[in-house]
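Order of the sequence lines fixes the chain letters, A, B, ..., with proteins taken first and strands second; residue numbering starts at 1 for each chain.
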Amino acid sequence: MIEGADVRTLLDGNGHARVSQEGHRHQHDDPVADEHGHDAHGHDEHEHEQHEHGHDEHEHGQHAQEQDAHDHHAMMEVTGEPSADGLVMEDLEFELGPLSAVLPGGVMATLTLDGDVVESCGLRATLVSADLRVPDPLACAAWSAIQRDTEASMGRVFDVELERAVSHAAWLTRLGRVLGWAELADGARRILGHALSAREGHHEALRESLRAAERLHGRLECSRRLRFRLRGRAVVDRGTVEAYGLTGPAARAAGVAFDARVDDPAYGALGFAPALRAAGDAEARTLVRLEEIAVSLGLALRGLDHGADAPAAPAIEGPRGPLRHNAVSGGLEASGAAALLRVAGERAAGLEWSDAIAAITSFDLSGWRVAG
Amino acid sequence: MSNWTPLAVLAVALAGALAVALLEQLVGGLRPAPIAILRRAAALLDEPLSAPHRPDAWLYHLAPPLLLAAAMLALATVPWAPGFRGIDLSTGAILFSAALAYVSPAVFMAGWGSGAPLAVLGGFRFLALMLAYAMPLAMVVTAVAAPAASLRPTAIVEAQDSVPMLVSQPLAFVLFVPAAMAVALLPPFDLAHASAELGGGALGHYSGVHAALVGLAQRVLVVAVAGMTVTLFLAGWHGPLLPPAVWMVGKTVAVATLLLWGARRVPRPPLDWLVAWTWKLAIPAALGVIVWGGLVTLLFYR
Amino acid sequence: MSDLATALVFWPAAVLMLLTGVYVFRTSSMARAGLLLLASLGIEGLIFLALASEFLGVLQVLMMSGEMVIMVFFMVMFMADPGGLMGMDMTHDKRRSAGVAVLIAVLLAAVAVLTDWPAAMVEGDGRSIEQIGFEVMGRSMFSFLFAGVTILFAMVGGIMLAQQGGRLGLPAPAGEPRDETERER
């Protein structure tokens, strides 16, 4: 188990990860990766006890030993604020991640639970890429596309859109697993499989993937089961989007039509309109991404056939938001990435555990730290 | 019950667990690979035991054997054929509920014993769930036993030789199946040990032989629950042409497949919703089921 | 079951039952206490089974599981230090209570040993369920109703007490520290 705040995962040239630690952290002798060949269990919950006494429905751990054990009455005392149902419990504080099965890889959460309701949640990304040209390896085609020249811009569209479809489909599989909905995970995996083989060069798989995506989108658009789990959770409205500067599908789900592809002439040639929803809740974010999968695959197909060139774009719309190459500072930025982590943590507060995890998943967070 | 019964039950348990594992693969769209399953189980047994951070050792180590014992005892009460009846106690149907009642202390012990926050959370969630769901499970058994005038499973099967209980008491079946899925740790009631929502939850801190016992127990529970559903509602081994054992096994496989298939099609509901609906709807309905069972008995079975 | 077999099950089970019962009060962990009590009463169910009282035995085993699980629930909810890590002394007024306990134990033992219990050989058929049914619905209906309603009141009352901070005092108003230890945080 790896304790502590920062885990720097370094990618060497072949894309293999080396895990190193910093500072005073000590490593326990049961690394997660070797233990279970079949499934990743959240062995990395790190219980972080800070309270001395009192009762807590979930408390089973160390108390600081300052409390006088003979003080019978004080030991039986109940401290704390009553929670929403009137029961007084002590808070449970602990950290989760960065390799927890509950959160996206690399994301670390500092949680305070009151019973099984999340009282506060602080999220942060802990992974830092060694390749400065690709701050987020989960969107490497998009990051590379910014730094390329105008030649073969339709190739750029193909790469970026296919990567978006793959990213969203992988996220959808994860959502299916978090919701305990194997059917959704299966459907998403089907899309993902075909899209991945299209990325390898088998372009006929693109059509398969598109068909599967359209089928899944049609089924989920009015799905009562999806509504039941995700409607009304973690609502992010227009005001929040503007105040925090959110971007990407999370903003588009709130009705803010901010998409870097709108200004891109290459997309204009192919005919593109951003996917929008108005509700801003977890369901809306899911549906926006579903629609974007189908749209992206369609764009990729059309881009293949199109062939003509178009001038370079100032910004690329990555799977999670716009990426830009800041010519002044020379750095790469993803605006809204840090804001997304903050908003996700804030929206998870006050929700019961399963709703909180579903809400955090609905933001499609990335564990890679990028500037901006 | 003969001297061979324990051994026979053990054999049924192991074969049934393998069958359930194969069914899980089939239902999940994978190609069934029995050799791979056995090899993975053997690899699990070879794995070293690693205790979690701050376990309550007694509870942590006792939970998997208790879970397996409960599952085996529940399986032993299921009658498979007129010649192989399991432990055919005159109170067999209640013994089934009693054995399954030990699944919740076992899961709680696993969660509490693991000592990690999410494990304890999983343990408590399962307690809350089973406090609600254990009641329809036991009450429905009463209603089904009334027409048979006996709690002996073979007698209940014999009482269905003309009409299965599914037809004469459909509401009982509707209440029994979710309760049975919950106690068998099947999704969508897997909120105690969900891997993606609780990081394995109450059962997620086991490795090696413990994990093997837990996996075996989960599958034996599915076999036991499917077998008892067939016994109580689907007329057990009755059926034309084929020998009774074939009918029983076939029906059990069909029920197990249905349970596993249905488990994949529904997202996991939040605990509050599950518990609210059970307390407010299912338990009053179970009382109604008992009354209905009595009526059916008076009208048709006397 | 033959006499020897019954004795072989009865006496060790009785000893085990008493041992686990004693350990319920020796342990400080609430979870362990509840589960040890479950073990104790589950063994009692086994004793019933050994004495050919099938229905009562199985019912005992079934009911105890649910009851003890609820008890663990309530214990962990209400008691401080449910993990038992700080050692808890649950005894008060030790000398007088020990005296009363010994007196009652002696009285009960006297009743058990000196009473002329009606002895009968029990046939191992299934009629016991019917007999129990008639007994519960006939002669004993009043006592079972009374017991059931009392338990219901106790559970509801317990939850109501929990809502109001219970017998240990109301929780402090928001913002005000309860005692020094909380102020130190």
Side-chain angles (χ1 to χ4, degrees), chain A residues 1 28-30 34-49 56-62 92-96 100-103 111 113 115-116 174-186 189-190 223 225-226 228-230 351-358 361, chain B residues 24 27-29 40 43-44 47-56 59 111-125 128 187-191 193-201 203-208 211 215 260-273:
Chain A
M1 217 176 294
H28 289 254
D29 51 342
D30 52 343
D34 304 339
E35 230 184 289
H36 292 266
H38 44 279
D39 206 355
H41 301 285
H43 283 254
D44 285 292
E45 294 106 41
H46 169 63
E47 196 173 338
H48 198 93
E49 303 289 341
D56 172 17
E57 190 173 297
H58 303 289
E59 185 173 328
H60 174 71
Q62 296 159 346
L92 179 66
E93 295 170 21
F94 62 101
E95 290 197 346
L96 213 52
S100 171
V102 177
L103 296 170
L111 291 156
L113 287 187
D116 65 346
R174 199 185 137 67
L175 181 73
R177 288 186 57 233
V178 163
L179 294 182
W181 194 357
E183 198 189 356
L184 173 60
D186 286 345
R189 217 177 292 134
R190 217 169 296 139
S223 163
R225 289 169 278 174
L226 192 75
F228 167 64
R229 261 328 286 275
L230 293 180
L351 292 177
E352 186 249 340
W353 181 263
S354 40
D355 277 342
I357 298 299
T361 311
Chain B
E24 284 172 3
V27 163
R40 225 182 8 216
L44 257 186
E47 234 176 54
L49 276 183
S50 68
H53 236 137
R54 278 184 288 262
D56 184 335
L59 300 182
W112 183 272
S114 300
L118 292 186
V120 175
L121 181 61
F124 272 104
R125 281 175 141 197
F189 301 99
D190 61 345
L191 33 73
H193 61 98
S195 67
E197 195 182 272
L198 273 183
L203 301 177
H205 289 259
Y206 285 113
S207 63
L260 292 171
W261 179 84
R264 299 180 71 84
R265 318 237 345 141
V266 179
R268 192 181 306 125
L271 177 67
D272 306 349
W273 186 90

Side-chain (B:R268) to main-chain (A:V178) donor-acceptor, under 3.5 angstrom: yes

Interface residue of largest heavy-atom contact number with chain A, from B:G123, B:P187, B:A43, B:P267, under 4.5 Å: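 The option with the most such pairs is B:P267.
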
Proximity breakdown for B:P270 and chain A, heavy-atom pairs closer than 4.5 Å: both

Sub-4.5 Å side-chain heavy-atom contact between B:V120 and A:L92: no

B:G199 to A:A101 - nearest heavy-atom pair and separation: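 Closest approach of B:G199 to A:A101: CA-CB, 4.4 Å.
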
Spacing of [atom1] belonging to [X] relative to [atom2] belonging to [Y], to within rounding of 0.5 Å:
X	Y	atom1	atom2	value
A:D116	B:D272	CG	CG	6.5 Å
B:R264	A:W181	CZ	CH2	13.0 Å
A:W353	B:L198	CH2	CG	7.0 Å

Which portion of A:R225 sits near chain B, non-hydrogen atoms under 4.5 angstrom: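 Backbone plus side chain of A:R225, per the 4.5 Å heavy-atom cut-off to chain B.
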
